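Contents: one structure, followed by commentary.
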Amino acid sequence: MVSKTMIIKNPQGLHMRPAALISKEMENFPCSVRIVYKEKNVNAKSLINILSAGIKQNAEVTFECDGDLEEEALAKIDELASQNWGD
């Protein structure tokens, strides 16, 4: 398992657009991808789960990838985060 913790910088948090992008891109990886936020642990391949987590600006979240191509999935999350929603 690999993981990375980051701060969500987008003023709207993980709203519809970045959540849709995350879930769509993570579907391309066979590994499990989870977002840990407070007491929540959600499937990052599910748009509804990401939105229901209510992740706001300045929230600290951890992305956890486990399984085949886990490092590639985490690298993709890093790439997506650089597009104005994380650091």
Side-chain angles (χ1 to χ4, degrees):
M1 180 173 73
V2 295
S3 65
K4 180 168 184 171
T5 300
M6 60 182 66
I7 305 296
I8 304 302
K9 295 295 185 184
N10 189 301
Q12 291 83 34
L14 284 185
H15 60 90
M16 180 65 87
R17 188 175 311 136
L21 188 58
I22 292 167
S23 62
K24 179 182 176 198
E25 291 293 334
M26 291 304 101
E27 282 292 325
N28 295 321
F29 296 95
C31 60
S32 165
V33 184
R34 313 284 305 162
I35 301 172
V36 180
Y37 171 62
K38 296 185 179 180
E39 69 283 347
K40 299 172 185 167
N41 187 331
V42 301
N43 180 356
K45 294 182 179 184
S46 168
L47 173 61
I48 298 300
N49 285 341
I50 297 171
L51 292 174
S52 69
I55 301 170
K56 306 290 184 197
Q57 181 182 30
N58 296 320
E60 182 177 280
V61 299
T62 301
F63 287 87
E64 297 178 343
C65 303
D66 189 24
D68 293 338
L69 301 178
E70 63 188 21
E71 291 185 16
E72 291 86 345
L74 193 59
K76 187 63 173 182
I77 289 168
D78 242 354
E79 178 187 324
L80 297 173
S82 71
Q83 298 173 2
N84 192 32
W85 59 261
D87 73 349

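Keep in mind it's a predicted model, so treat the numbers as computed, not measured.
In the hydrophobic clustering of ILVMFWY residues, with side-chain heavy atoms under 4.5 Å counting as a link, I48 and I35 come out apart. Under the 4.5 Å side-chain heavy-atom criterion for ILVMFWY residues, a single connected hydrophobic cluster contains both L80 and I8. Note on M1: it does not cluster hydrophobically with V36, by side-chain heavy-atom contacts below 4.5 Å among ILVMFWY residues.
No side-chain heavy atom of I77 sits less than 4.5 Å from a side-chain heavy atom of I22.
Closest heavy-atom contact between A19 and L14: CB-O, 4.3 Å.
Residue pairs meeting the side chain to side chain donor-acceptor pair (under 3.5 Å) criterion with at least one member in residues 18-38, sequence neighbours excluded: R34-N41. The list of side chain to side chain donor-acceptor pair (under 3.5 Å) pairs with a residue in residues 43-58, not counting sequence neighbours, reads S46-N49.
Applying the side-chain hydrogen bond (donor to acceptor under 3.5 Å, both in side chains) test to E79 and every residue at least two apart in sequence or in another chain returns K76.
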Pairs under 3.5 angstrom only: tabulate donor-acceptor contacts from the side chains of residues 59-69 to other protein residues two or more places apart or in another chain.
| unit_1 | atom_1 | unit_2 | atom_2 | d |
| --- | --- | --- | --- | --- |
| T62 | OG1 | T5 | OG1 | 2.7 |

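Between the CD1 atom in I55 and the CD atom in Q12 there is a gap of 14.5 Å [rounded to 0.5 Å]. The SG atom of C31 sits 9.0 Å away from the CG atom of L74 when rounded to the nearest 0.5 Å. Note that the CD1 atom of I50 and the NZ atom of K40 stand 13.0 Å from one another [nearest 0.5 Å]. To the nearest 0.5 Å, atom OG of residue S82 and atom NZ of residue K9 are 14.5 Å apart.
Taking Ile, Leu, Val, Met, Phe, Trp and Tyr as hydrophobic and joining them when side-chain heavy atoms fall under 4.5 Å apart, one finds L51 in a cluster with M16, L47.
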